[in-house]
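Since the structure comes first, as structure tokens, the remarks are kept for the end.
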Amino acid sequence: MAYKTPQQLLDKAQSLAGFTLGELASKYQADVPTHLLREKGWIGQFIEYLLGAKSGSLAQPDFPELGIELKTIPIDRYGRPLESTYVSVVPLNNLAGLSWHNSVVRHKLLHVLWLPIIAEKEIPIEQRQIAMPFLWHPSQQQEQLLQQDFEDVIETVAMGKIDQIDARFGELMQVRPKAANSKALTEAIGPDGETILTLPRGFYLRPQFTRSILDEQF
DNA sequence: TCGTGATCATAA
DNA sequence: TTATGATCACGA
């Protein structure tokens, strides 16, 4: 399934609106997990499959030829996000030459296909319904704020102060651990320029920001 | 082992 | 109720 235009991809995504995950799964002979305790990414990966994304775990948008990133987002019945949205890992070393302009996070956020799913916890997963997907790109002001968050983080990391960054850092985009567990460590720059070990981190969009994106759309 | 898909569990 | 820090599965 190769899309020639963003509109084709959007049409395909919107054709899923109104269906439950159970309906779509039975159509494709897939099994819906009864809970997400161990398969936290199942819904996202199932939607990727339905839409034909195949970027896998590469650090690039899901549809590289279109430059479009697919994000499923759990919402309540009023359309409010239930979780933050993961974007990409935070670079912690080899920062020379890294800029907002050439960053993975910017390339992913430049064009996003949002696919909201009504996912209140009391709704069984197979009964969760897909809401209306839409294409989004950040406004000039939004990109400016995202760039600022990004540059503040990278500057702090470059100064060897990664350990001073927690989830309160960043206005639209925060930084949180992104690892198999709290014992998984990766290399970063220490206070004296030495190599230290620290938790891998990820950039996440705050729910307040994604809520404003959804509000603009609906 | 790392980056992808994220949600879970509990402290605040 | 919300936000933070922790965690799970998979593919390359």
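Residue numbers begin at 1 in each chain, while the letters A, B, ... track the order of the sequences. Worth knowing before you read on, the calculation uses all heavy atoms, side chains too, and leaves out hydrogens, waters and symmetry mates.
- In this structure, CG of A:D163 is placed 14 Å from C1' of C:dG5, rounded to the nearest angstrom.
- Atom CZ in A:F169 sits roughly 16 Å away from atom C1' in C:dT4 (whole-Å rounding).
- Residue A:A179 is classed as a base contact, given a heavy-atom separation below 4.0 Å to a base.
- Rounded to a whole Å, the CG atom of A:L92 is 12 Å from the C1' atom of B:dC2.
- Candidate nucleotides B:dC8, C:dT7, C:dG5 were compared by shortest atom distance to the side chain of A:S182, and C:dT7 ranks first.
- Using a 4.0 Å heavy-atom distance criterion, A:G41 is classed as a base contact.
- Here the C1' atom of nucleotide B:dT7 and the CD atom of A:E122 are 15 Å apart, to the nearest Å.
- For the pair A:A179 and A:L199, the tightest heavy-atom approach, listed with the atom from each and the gap, is CB-CD2, 4.4 Å.
- A sub-4.0 Å separation between OP1 or OP2 of B:dG5 and a side-chain N or O of A:Y86 is absent.
- Going from atom CG of A:D76 over to atom C1' of C:dT1 covers 12 Å, rounded to whole Å.
- Of the listed nucleotides (B:dT7, B:dT4, C:dT4), B:dT7 has the atom at the smallest distance from the side chain of A:K40.
- Put simply, the side chain of A:K178 and the base of B:dG5 share a donor and an acceptor less than 3.5 Å apart.
- Mapped onto DNA chain C by nearest heavy atom, A:Q45 and A:V175 fall at different nucleotides, with A:V175 at the one closer to the 5' end.
- Of the candidates B:dT7, B:dT4, C:dC8, C:dC8 carries the atom nearest the A:R38 side chain, counting heavy atoms from C-beta on.
- Within 4.0 Å (heavy atoms only), A:I47 reaches no atom of the nucleic acid at all.
- Taking every side-chain heavy atom of A:D62 into account, B:dT4 is the closest of C:dT4, B:dC8, B:dT4.
- Remark: the A:E39 side chain and the C:dC10 base include no donor-acceptor N/O pair separated by less than 3.5 Å.
- Within 4.0 Å (heavy atoms only), A:P200 reaches no atom of the nucleic acid at all.
- The residue among A:E83 and A:N181 whose nearest nucleotide of DNA chain C lies closer to the 5′ end is A:E83.
- Straight-line distance from the CZ atom of A:F46 to the P atom of B:dT7: 15 Å, rounded to whole Å.
- A donor-acceptor contact closer than 3.5 angstrom is absent between the side chains of A:Q147 and A:E143.
- At the phosphate of B:dA6, OP1 or OP2 sits under 4.0 Å from a side-chain N or O atom of A:T72.
- A:F150 and A:F203 have tilted rings, their planes meeting at an angle from 30° to 60° on a 0 to 90° scale.
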Start with the C-alpha gap between A:W114 and A:Q217, add the side-chain angles, then the distance that decides, and say whether side-chain hydrogen bond (donor to acceptor under 3.5 Å, both in side chains) holds. CA-CA 10 Å; A:W114 292 101; A:Q217 183 63 208; over 6 Å; no
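- Counting non-hydrogen atoms under 4.0 angstrom, A:E69 reaches the backbone sugars and phosphates but no base.
- Nearer to the 5' terminus of DNA chain B, by closest-nucleotide assignment, is the contact made by A:L185 (compared with the other of A:T85 and A:L185).
- The side chain of A:K108 lies closest to B:dG5, out of B:dG5, C:dT7, C:dT4.
- Taking all atoms of both residues into account, the shortest heavy-atom contact from A:I213 to A:Q142 is CG1-NE2, 4.5 Å.
- In this structure, A:L36 places its CG atom 12 Å from C1' of C:dA9, rounding to the nearest Å.
- Counting any heavy atom pair closer than 4.0 Å across all strands shown, A:L37 reaches sugar-phosphate atoms only and no base atom.
- Straight-line distance from the CD1 atom of A:I162 to the P atom of C:dG5: 12 Å, rounded to whole Å.
- Electrostatic pairing of A:E171 and A:R206 does not count as a salt bridge here, judged by no charged N lying under 4.0 Å from a carboxylate O.
- Using a 4.0 Å heavy-atom distance criterion, A:K121 is classed as a sugar-phosphate-only contact.
- For A:Y204 and B:dA6, a side-chain-to-base donor-acceptor distance below 3.5 Å is present, hydrogens and geometry of angles not being considered.
- Using a cutoff of 4.0 Å between basic side-chain nitrogens and carboxylate oxygens, A:E126 and A:R128 are not scored as salt-bridged.
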